[in-house]
Amino acid sequence: MLDTRTLLIIDDCAADRKIYRRYLLKDPHQSYQIFEADCAEEGLALCKKIRCDAILLDFCLPDMSGLELFDRMQQEIFKTSVPVIMLTGRGDEEIAVQVMKRGALDYLVKHNVTQDVLQLAVRNAIKQSCLQAQLHKTQERQRLIATTALRIRQSLNLEQILNTAVAEVQQLLKCDRVMVYQFAPDSDGKIVASSVESFPTVALCDRIAAGEEAGEQGAGSRGKIPLLCPIPPAHLHNFQSPVPYIYELGLCNCVSLKEQFNTKVNLVVPINLSNNGNPTPKLWGLLIAHHNSGERLWQTDDAEMLNEVSVQLAIAIQQAELLAQTQAALTKEKQLNAFKSQIIATVSHEYRTPLTSILAAASTLGKHSQQLDESKQQRFLGIIEQKARYMSKLVDNMLLVNQFELEKPKFKPILLDLLQFFADLIEQERETTGDRHELIFNITGHIQGFWGDRGLLQQIFINLMSNAIKYSPDGGTVEFHLIGKESQVIFYIKDRGIGIPMVDQENLFQSFSRGSNVDTIPGTGLGLAIAKGCVELHGGDITLSSEVGQGTKVTVSLPKEFPMSQLSPSST
């Protein structure tokens with residue numbers, strides 16, 4: 001079936017108009033709808049009412065010349081060029097030159113016009129005009145895309161890039177709204193940028209089953225929204241050509257976007273990132289153009305334009321992500337360097353006092369052992385042992401904190417008898433604590449069936465208990481309460497020591513943080529940080545409450561059974 005073109009004949013000679021109509025209606029290659037006018041004003045009025053694909057214009061008209069009418073058409077009506085073929089009864093080359101200079105596509109002498117000549121001239125004029133319009137459109141599209149790409153890539157901030165992209169694309173496509181939807185690796189994706197904020201900013205809800213074929217779930221599925229996509233959804237990762245394709249995004253457990261956005265039709269292209277040399281790109285997200293006001297039939301050019309922008313957007317996203325990763329790595333490196341410097345400073349400071357005590361005790365024993373009775377010798381040996389243990393614990397703490405900073409220690413849960421486990425630890429503490437502190441051990445509830453890492457659990461207990469004893473310099477009771485519940489175990493250590501000022505409590509679980517009232521009590525500020533890291537590896541929580549002069553209570557809650565699915569391969 002032939003396309004029908006609209007043709008306007010402006011000629012004051014009715015006989016000539018009849019001949020041209022007869023010739024054109026016999027064209028086997030083209031179908032025409034023909035309008036006629038016998039004067040310039042009538043022709044001008046028709047041009048304003050109908051969209052012409054070509055115009056046959058007589059040079060001599062009763063009310064003005066063909067050149068004058070042509071000029072008025074260009075000024076008043078045609079924003080884009082309409083092919084005009086000038087007709088005259090004289091073979092005047094000067095007139096032909098003037099006509100062609102003004103923009104007419106062809107010039108015919110009336111007495112030379114035959115059926116074949118006229119048909120070919122009109123077909124060629126329309127074809128040439130279409131090619132020129134397409135070239136102009138392509139050039140304008142490339143200019144707009146280049147401008148859009150430049151504006152998108154002027155920033156390396158991802159949020160700014162996305163906001164710029166949706167604003168520019170909305171102007172580019174002259175649509176009502178543009179969105180960027182980002183897929184999440186382990187959870188549902190979400191809308192990360194929108195050109196119109198008055199719309200409700202909601203996620204595309206639970207999931208987009210991008211590979212789902214149209215109609216699989218049925219037209220009545222709740223949370224479905226029809227999208228006009230330039231690609232089959234099963235090949236979102238491999239955009240080849242803008243083939244119009246209507247399909248449904250599978251949205252579960254949510255109110256449909258059609259209700260949320262009053263969306264009638266959407267154009268969607270994927271945002272693909274290069275995948276470390278892998279020939280299959282990584283599907284990062286979707287670039288979505290919405291048009292809500294009135295009917296709109298998306299064209300192939302629209303899809304191609306949106307796809308070209310998505311390519312530029314993908315490059316900008318990749319550059320922004322690379323910069324963010326580099327900055328994060330530099331920040332992490334700075335933190336590690338600062339941490340290492342803090343370790344060196346702490347070790348240097350904390351080693352000096354016990355080393356001095358050890359050297360003094362060893363020197364006294366070496367020089368005066370013959371003059372010292374057995375009790376004094378034992379006292380000096382006890383100082384050496386105590387300080388050596390302190391230094392050994394300091395080294396262990398440093399190594400463990402370093403592990404937490406660089407990579408988490410391996411978590412190896414086993415079934416533990418908590419009663420026996422904590423009873424042994426309490427007994428060890430009683431042997432080394434002395435008579436000034438009384439350790440109280442209370443148990444309530446059902447504590448069987450607990451799975452935990454023995455070494456990490458011991459670190460939690462030792463650090464919390466040593467803090468409770470150390471920061472109770474005047475002695476007193478230190479309570480350890482173990483409470484068993486159905487799915488978790490809770491224990492807390494409570495002392496009646498110096499307490500912690502409220503302003504210091506917020507940062508106490510960070511490495512090297514100590515209360516401002518510790519005075520000369522030795523310590524590194526690592527105990528609570530280590531305890532917190534070990535608790536988190538168990539999937540538990542740790543909290544602290546304290547009042548200056550009244551003491552401190554640290555509470556730990558641990559699940560009895562740690563989900564095996566959360567264990568890393570190296571931990572199992």
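Numbers for residues simply follow the sequence, beginning at 1.
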Next item on the list: Specify the closest pair of heavy atoms between Gly515 and Leu508, including all atoms of both residues, with the distance to one decimal.
Entry: N-CD2, 3.9 Å
Checklist line | Of all pairs that satisfy salt bridge (charged side-chain N to carboxylate O under 4.0 Å, His left out), the ones with a partner from residues 483-494, not counting sequence neighbours | finding: none
Margin query: Could you work out, with side chain to side chain contact (heavy atoms under 4.5 Å, CB included) as the rule, every residue matching Ser487, not counting sequence neighbours?
Written below: none
Check: Hey, does the side chain of Ser310 reach the backbone of Asn307 with a donor-acceptor pair shorter than 3.5 angstrom?
Finding: yes
Note to self: So does Ile521 get a backbone contact from the side chain of Asp519, meaning a donor-acceptor N/O pair under 3.5 Å?
What the structure shows: no
Margin query: Once side chain to side chain donor-acceptor pair (under 3.5 Å) is applied, do any residues pair with Thr552, and if so which ones, sequence neighbours excluded?
Written below: Ser546
Next item on the list: Kindly write out the residues that satisfy salt bridge (charged side-chain N to carboxylate O under 4.0 Å, His left out) with Glu385, not counting sequence neighbours, or none if the list is empty.
Entry: Arg389
Notebook entry, point to check: Which pairs pass ring-ring contact (aromatic ring centres under 6.0 Å, His included) with one or both residues in residues 433-454, sequence neighbours excluded?
Noted result: Phe441-Phe480
Check: Can you list every salt bridge (charged side-chain N to carboxylate O under 4.0 Å, His left out) pair that touches residues 422-436, not counting sequence neighbours?
Finding: Glu427-Arg430
Next item on the list: Tell me, please, which residues at least two apart from Thr477 pass side chain to side chain donor-acceptor pair (under 3.5 Å).
Entry: Arg496
Item checked: Non-hydrogen atoms of Leu162 and Leu313 that approach each other most closely -> CD2-CD1, 4.2 Å
Notebook entry, point to check: ring-ring contact (aromatic ring centres under 6.0 Å, His included): which pairs involve residues 519-551, sequence neighbours left out?
Noted result: Phe411-His538
Notebook entry, point to check: Does CD belonging to Gln371 count more than 12 external heavy atoms closer than 6.0 Å?
Noted result: yes
Item checked: side chain to side chain donor-acceptor pair (under 3.5 Å) contacts in which one or both residues fall within residues 312-327, not counting sequence neighbours -> Arg153-Gln312, Ser274-Gln318, Trp284-Glu321
Checklist line | Residue list, side chain to side chain donor-acceptor pair (under 3.5 Å) with Gln428, at least two apart or on another chain | finding: none
Checklist line | Those residues that, when tested against Ser357, pass side chain to side chain donor-acceptor pair (under 3.5 Å) (two or more places apart) | finding: none
Distance-only check: which donor-acceptor pairs under 3.5 Å involve side-chain atoms of residues 375-383, not counting sequence neighbours?
{"unit_1": "Ser375", "atom_1": "OG", "unit_2": "Asp373", "atom_2": "OD1", "d": "2.8"}
{"unit_1": "Gln377", "atom_1": "NE2", "unit_2": "Ser369", "atom_2": "O", "d": "2.8"}
{"unit_1": "Gln377", "atom_1": "NE2", "unit_2": "Leu372", "atom_2": "O", "d": "3.1"}

